[in-house]
Amino acid sequence: MEKPGDLEAEIKDLKARLAEAEQTLNAIRTGEVDALVVSGSEGDQVFTLKGAEMPYRILVEEMNQGALIIIPDGTIVYANTRFAALAKTPLEQVISSSWQQFFPPDKHPQLEACFKTAAPLGPLGELSLLAADGSSCPVQLSLRTMRASGVEGFSVVVTDLTERKQSENALRKTSEELLEKNGALEAFSYTISHDMRSPLRAMQGFVSILLEEYGSKLEPEAKVHLERIQSSAHRLDRLINDVLAYAKLSGGQQEVETFDLDKMMRDMVETYPNLSDPHIEIVPSSARVKGHEVALGQCVSNLLGNALKFVPFGRIPSVKVWTESIKGRLRLWVQDNGIGILPKDQLKIFDVFSRVHTNEAYEGTGLGLSMVKKAVEKMGGQVGVNSELGHGSRFWIELESA
Amino acid sequence: MKCILVAEDNEDDFRLLLRGFEKAALTHKLVHVCNGKIAWDYLLGQPPFSDRHRHPFPDLLLLDPRMPALDGFELLRLLKSHPELSRLPVVVLSSSLVDEYKQTAKRLGAREYLIKPMDLDKYRVLALGLHQRWLAKVSPSP
């Protein structure tokens, strides 16, 4: 039976050793210790870290990545607090344990192969870091062989990918949602073009039949009313087409491509035969630009359509198209001899459904120029106009040169 | 006189097409069916279309891509895989300007993809064009 005094002495001694151990651990952590003793099969081994000066160790301790030093038999001889936090294991347990317990067994052969190769190793692929509580987190490893002050082994930097993975997933989710919305828009566009144009076609068709085959039997005023129905139906048709084109331009994701401006102009004139007009002069250009070819074709055709349309009664239209290089960008000009635009209207005309003139004066839907602006801005370009009332207008589209 | 099978769910559109042929002074027989399923039965000569005198095999099929029961694209798929019916010229007559539909129609073997006209005179022009391209030449009747 031991005396109480002996027990007290033993407790005191244990307390002192515990305090000493804590101090040692703290010293390791803060970089005040230069040597470590590891018990192995061949007796105790002493590892000194003379070269690792304190500021560097503090730096490693403070960094946001896990850091390990592993000796060839697989023992971890150094770990920073960040690694211990990632592994959810007390730091003193990490040190002197084997690396294997922190990585999935199926990755061991790959990692061992890396440890065996003497050459410096770059970043490894992604893998899981196993934590003590059974959870895991995605990490990326960067391995390097190191030989310093008699220590031979590997330094391993462990980057936590949890946040990156989360933002990657969020990004993927967003882009999937966008694709879905885009698909819904396409389906909606198709429904509109089919469902809204069908009854309209019937209205137009049957009004034509009435006018052609019963016109002679109708009173003049009845005929005028039928003609009004006809022109309204025609206008609605154009409106539907423009809304569809606008939805398509503003909704779709468009890849920016490099293309030949001249070829685009030729294709455009082919697509819109009304633009092969003797009053349009197109100065050939060898320029290549960055944008979206089909959309730009639509934009230029809208500008040309306007140039031919907004001409005072009795004046023969004269339209000229040419290009100009401005500091790595290309400006496409469309000049007309039309009615011109008041300064106060020059910004307004690019807004959706904005119209300066009544439909009786100049027919239109108020979508043409807003479509141009939207499409060109989607290609990273700009649009604008110089004009004076009564003296024609010069519209321009500016894109990045290729 | 040739026979044209028109698979079209919209009665108005069929009437306008009929007018187009009348205005073009063409006397082909236009047979109207209102979905792809009935068109398929007609083409196979299944009841109630077994009498080929009353329900002649068509020289041309005009097809609306969107119809109830069996839509135009599904019918095109069926036709394409059929040994004899795959030879029947098919023209898709659609109100959609969406390019994907044109591509789908072409991929499934349609000879042409035409947009339904918005006025009567263009229906006349359309009828004339169909006549010249698919019906004017002498072709063996099955």
Side-chain angles (χ1 to χ4, degrees), chain A residues 182-215 226-227 229-249 251-252 254 267 271-273 292-295 297-298, chain B residues 6-25 30 32 34-36 62-69 71-74 92-106 108 113-129:
Chain A
N182 208 16
L185 184 81
E186 288 278 308
F188 176 68
S189 303
Y190 178 64
T191 309
I192 285 193
S193 73
H194 192 280
D195 293 353
M196 285 175 76
R197 294 182 90 223
S198 284
L200 191 58
R201 185 168 44 248
M203 282 160 61
Q204 286 184 312
F206 293 112
V207 167
S208 303
I209 294 173
L210 277 179
L211 280 170
E212 282 175 27
E213 293 174 23
Y214 302 90
L226 281 177
E227 279 158 9
I229 293 174
Q230 196 170 38
S231 73
S232 285
H234 177 67
R235 217 175 104 62
L236 185 55
D237 180 37
R238 288 197 36 184
L239 195 59
I240 292 170
N241 284 342
D242 279 4
V243 168
L244 278 175
Y246 184 80
K248 196 157 188 179
L249 278 182
Q254 288 162 353
D267 288 352
T271 316
Y272 307 94
H292 189 262
E293 192 170 350
V294 177
Q298 166 113 52
Chain B
V6 185
E8 168 64 74
D9 64 328
N10 188 327
E11 169 90 28
D12 289 335
D13 284 351
F14 177 72
R15 279 169 175 261
L16 293 172
L17 186 71
L18 211 55
R19 276 288 162 154
F21 275 87
E22 280 173 20
K23 276 174 73 80
L30 267 71
H32 181 208
C34 60
N35 69 48
L62 287 182
L63 198 56
D64 183 353
R66 231 180 56 159
M67 288 181 293
D71 77 24
F73 290 145
E74 286 164 336
V92 171
L93 198 52
S94 167
S95 47
S96 173
L97 306 165
V98 179
D99 199 50
E100 286 88 296
Y101 284 81
K102 184 175 178 173
Q103 303 308 327
T104 308
K106 286 280 165 90
L108 294 175
Y113 181 93
L114 302 177
I115 303 292
K116 289 177 188 167
M118 290 307 280
D119 75 57
L120 207 53
D121 192 59
K122 289 197 181 116
Y123 265 107
R124 181 186 63 81
V125 175
L126 179 117
L128 266 179

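In the text below, chain A, chain B and the rest are named by the order of the sequence lines, each starting its count at 1.
In terms of non-hydrogen atom pairs under 4.5 Å with chain A, the most contact-rich of Lys23(B), Lys122(B), Arg19(B) is Arg19(B).
Summarising the geometry, atom OG belonging to Ser95(B) is positioned 12.0 Å from atom CE belonging to Met196(A); distances are rounded to the nearest 0.5 Å. Note that CZ of Phe206(A) and CG of Asp12(B) are 4.5 Å apart. Values are rounded to the nearest 0.5 Å.
With a 4.5 Å cut-off on non-hydrogen atoms, Glu212(A) touches chain B through its side chain but not through its backbone. For Lys116(B), the parts lying near chain A are the backbone and the side chain together; criterion is any non-hydrogen pair under 4.5 Å.
The nearest pair of heavy atoms linking Leu16(B) to Ala202(A) is CD1-CA, 4.1 Å.
Contact check on Arg201(A) versus Asp13(B) returns a salt bridge, with a Lys/Arg side-chain nitrogen under 4.0 Å from an Asp/Glu carboxylate oxygen.
Side-chain contact check for His234(A) versus Met118(B): every heavy-atom pair is 4.5 Å or farther apart.
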